[in-house]
Amino acid sequence: MYAQLPLLRDHGRPEALDEDEPRRVAEAIERLQLNHCVITSVDRDDLPDGGAWIFAEMIREIRLRRPQCSIEVLTPDFQGNPDAIRTVIGARPEIFNHNMETVRRLHRVARPGGRYDRSLAVLRTARELDDEVLIKTGIMLGLGETAEDIDEFMGDALDAGIQILTLGQYLRPSPDHLPIDRYVTPEEFAHWKEIGEARGFLHVESGPLVRSSYHAREQVVELRRRVAALAAAG
């Protein structure tokens with residue numbers, strides 16, 4: 001997912017919910033013999049559950065047809081609805097991901113339709129519902145954040161139970177989006193990876209080309225191994 005951080009929130013009315021989509025997607029995954037998939041969607045605030053049911057149904061259909069395929073969901077915030085989060089977590093994806101996109105200080109201008117604390121609450125709720133589902137989020141750097149902003153964000157994310165963090169370079173999708181404040185060096189990205197993992201994240205993907213699904217399959221394999229090792233160590 002490439003972060004699009006509008007000056008004004010894009011609006012539009014999506015088509016009616018296609019309840020057959022989970023079956024078709026699962027059949028495509030089966031035909032392609034995929035070993036990992038990432039399921040995402042636009043915001044569906046027009047639906048009472050924010051689209052949670054179709055996320056869950058897609059997980060179930062994939063499990064039925066391609067059980068060896070690990071699944072990551074990249075969800076909207078469901079307007080903070082705990083029942084919607086429970087629906088998705090109840091289908092047991094390997095990774096539950098909801099992107100924060102930016103730090104607290106810049107959140108209102110960069111994501112006027114989102115709420116920083118609401119997004120944190122979504123991730124915290126997901127973590128509390130099932131210890132075996134890995135919780136993930138990501139932000140873009142280069143929007144004007146300071147080191148203090150990033151440090152605050154990392155603390156908030158760890159307090160919410162987030163285990164996987166992605167840090168990538170913000171790229172301006174169009175003149176209607178926020179301008180790039182700076183291009184972050186590979187050395188700074190490496191610095192934040194080191195800091196994040198030292199502070200307690202199980203894994204940090206950090207680099208100019210990193211996006212939410214960067215090395216997603218490798219994350220599942222490595223983190224399952226590390227979680228099992230930690231559990232065995234007591």
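Just so it is clear, the model here is predicted, and its values are computed rather than measured.
Hydrophobic cluster membership of L64, counting Ile, Leu, Val, Met, Phe, Trp and Tyr whose side-chain heavy atoms lie under 4.5 Å apart directly or via other members: none, as it forms a cluster of its own.
With sequence neighbours excluded, no residue satisfies side chain to side chain donor-acceptor pair (under 3.5 Å) with R124. Partners of D49 under the salt bridge (charged side-chain N to carboxylate O under 4.0 Å, His left out) rule, at least two apart in sequence or in another chain, do not exist in this structure. A search for side chain to side chain donor-acceptor pair (under 3.5 Å) contacts involving R92 returns D130, E132, not counting sequence neighbours. Partners of D151 under the salt bridge (charged side-chain N to carboxylate O under 4.0 Å, His left out) rule, at least two apart in sequence or in another chain, are R199. Scored by the salt bridge (charged side-chain N to carboxylate O under 4.0 Å, His left out) test, E152 finds R104 as partners (sequence neighbours excluded). In this structure T87 satisfies the side chain to side chain donor-acceptor pair (under 3.5 Å) test with no other residue, sequence neighbours excluded. Evaluation of the side chain to side chain donor-acceptor pair (under 3.5 Å) rule for W192 yields E188 as partners, not counting sequence neighbours. E19 pairs by the side-chain contact (heavy atoms from CB on, under 4.5 Å) definition with L17, W53, not counting sequence neighbours. With sequence neighbours left out, R23 forms a salt bridge (charged side-chain N to carboxylate O under 4.0 Å, His left out) with D20, E27.
Residue pairs meeting the ring-ring contact (aromatic ring centres under 6.0 Å, His included) criterion with at least one partner in residues 75-101, sequence neighbours excluded, are absent. For residues 102-141, every residue pair satisfying the ring-ring contact (aromatic ring centres under 6.0 Å, His included) rule, not counting sequence neighbours, is listed here: H107-Y116.
With hydrogens and angles ignored, the 3.5 Å screen pairs no side-chain donor or acceptor of S119 with any backbone N or O of M100. Here the side chain of D149 pairs a donor or acceptor atom with the backbone of T146 at under 3.5 angstrom. R66 contributes a side-chain N or O that, together with a main-chain N or O of L34, makes up a donor-acceptor pair within less than 3.5 Å. Side chain of E145 to main chain of G142: a donor-acceptor pair is present (N/O by atom type, distance under 3.5 Å, no hydrogens or angles). The backbone N or O of L178 lies less than 3.5 Å from a partner atom in the side chain of Y170, making a donor-acceptor pair. Counting only distance, with no hydrogens or angles, the side chain of R127 and the backbone of G161 share a donor-acceptor pair below 3.5 Å.
Connection of V204 to I162 is established within a shared hydrophobic cluster, with ILVMFWY side chains joined at heavy-atom distances below 4.5 Å, either directly or through further cluster members.
A donor-acceptor pair shorter than 3.5 Å cannot be found between the side chains of R86 and N81.
Atom CD of E101 is separated from atom CG of L143 by 9.5 Å, given to the nearest 0.5 angstrom. Within the model, atoms CD of E61 and CD of E21 stand 11.5 Å from one another, a figure rounded to the nearest 0.5 Å. Rounded to the nearest 0.5 Å, atoms CD1 (I135) and CG (L202) are 11.0 Å apart.
Within a 6.0 Å radius of CZ in R182, more than 12 heavy atoms belonging to other residues, nucleotides or ligands are found.
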